[in-house]
Amino acid sequence: MSLRYTGHYTTRVYSMLISRLFTLCLALFLGISGAWAAPASLRTSTGSEIFLRTFPGEGNTLMLGFPCDEGLGTQEARASQSLARLGLEAWLPDMLGAHSLPALASSMDQLPPLEIAEVIGQTIKLSGKKVVLVTTGRGALPILQGAYMWQNQATPQERAALTGIILFSPDLYSVKPAPGVEARYHSIVSRTSLPVFIYQGQRSPARWWLEHLKVEFARGGSKVASKVLPNVRGFFYSAQDPTDEEKAMTERLPELILDAIKQLESKQ
Amino acid sequence: MKKLILFISCLFLLSSVQAQDLKTWKGGSTPPLALNDLNGKPLKLQDYRGKVVMVQFWATYCPPCLKEMPSMMRLQAKLAGKPFVILAVNMGETEKEVKDFLTRVNVDFTILMDSDGKALSAWKVFVAPSTFLVDPKGNIRYVLQGGAEWDEPEYLQKIVEMLP
């Protein structure tokens, strides 16, 4: 009886060990191959369910791309596909959809920074990868606010996982600038300490104010770099009437993002 | 019929909004403006003392700029013989871009080239087009951000009132 019990117990222990070993091997395999399943959505403490479009990549960096002013981010999705093939994983959370907000620049001001902070935190935890944020236009405001909020409650080790932020044609004015009046930027600009890379189209008045914006970012301790993209307007990738130069630049979005990531990594 | 009334009301409201967009200048003294024209001739705002000057900042890539240019031509024609000039300051584009544009759009007012964006920075222009109305003494009196139909009575009246 005692022997039978011991034998049964030993079998259970072996079985448990084999099962655990199998799980460990599977986890290691999936971790190495990058073939783990990204979540379909993220839940925030505010009760929002934020759906994600995910593009798995094998590298150890993940692009967390927030929707542009045009909402659907068609070109961002195309760029994400290309980037994933090059090894850069991409997640595109639908922040506007989670709040049934129209795809307008003004909707961006209504996105709760707390939710952005939680999306950043969950992405870092779930993926285990280094994360780079990407956003455009007015989206820069809530994303920077969310990143700031997340950084304030993260440990130094966790903070190191957030490489920086890439901004395309950011609109960070606190009030719509009027001609002849000094522009005022939102206070988040001078509080941001994340490395920042800004892309600005040459065919935009904002190009002439880029250096002012960089000075404002530098006040918060941000290491900031920028590039003026020749012969394109600010929102070249979502233009209704793109020129040949703008179409060509849109095709280069993956390359632009990879270049910016390299620059951000060198500034960490 | 209801739809037609609504449409006409919307048009009326839209034109009212445009007219209200002409804001009284509160930005202090007039910034310097000394640029070359398309032929390389240096011009200064001071050269136009005694005249009302419309200083418009524009770019060839800006649809509202192009849309309002015919109305600026009509405004200039309505004020022919009066001390009124238009200076259209191009925002940092190349001479070739502007000259190509002028083969497609017929304008005959003076175009100044702000090649390095210095005038744009001094006048604090963030949006194209942005237009400033300068009185005969050289003081900015009104400013408008965005496009307009410049020959509409509301604008014409303000400009006529500024004439010496």
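Computation of the quantities below employed the complete heavy-atom set of this structure, encompassing side-chain atoms and omitting hydrogens, waters and symmetry-equivalent molecules. Small disclaimer: the values here were computed from a predicted structure and weren't measured. Each chain gets a letter, A, B and so on, in the order the sequences are listed, and its residues count up from 1.
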With only heavy atoms counted, which part of A/S204 is less than 4.5 Å from chain B, the side chain, the backbone, both or neither?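 Backbone of A/S204 only, per the 4.5 Å heavy-atom cut-off to chain B.
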
Under 4.5 Å from a heavy atom of chain B, the part of A/R233 involved: side chain

Looking at B/E149 and B/Y155, what are the two nearest heavy atoms and their distance? O-CD1, 3.2 Å

If the threshold is 4.0 Å, N to carboxylate O, is there a salt bridge linking B/D100 and B/K96? yes

Parallel, tilted or perpendicular: which fits the ring planes of B/W123 and B/F132, with parallel below 30° and perpendicular above 60°? perpendicular

Parallel, tilted or perpendicular: which one describes the rings of B/F126 and A/Y173, with boundaries at 30° and 60°?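 Perpendicular: the ring planes of B/F126 and A/Y173 meet at over 60°.
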
Could you have a look at A/A183, A/P179, A/P205, A/A206 and say which one has the most heavy-atom pairs with chain B under 4.5 angstrom?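 Of the candidates given, the most pairs with chain B belong to A/P179.
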
B/A59, B/A128, B/S121: which one forms the most heavy-atom pairs within less than 4.5 Å of chain A? B/S121

Let's test your reading of the structure: which of B/T60, B/D116, B/V127 forms the most heavy-atom pairs below 4.5 Å with chain A?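 Max contact count across the listed options: B/D116.
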
Structural part of B/V143 lying under 4.5 Å from a heavy atom of chain A: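 It is the side chain, since no backbone atom gets that close.
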
So, is the end of the A/R203 side chain (NZ or CZ) under 6.0 Å from the ring centre of B/Y61 and within 45° of the ring's axis? no

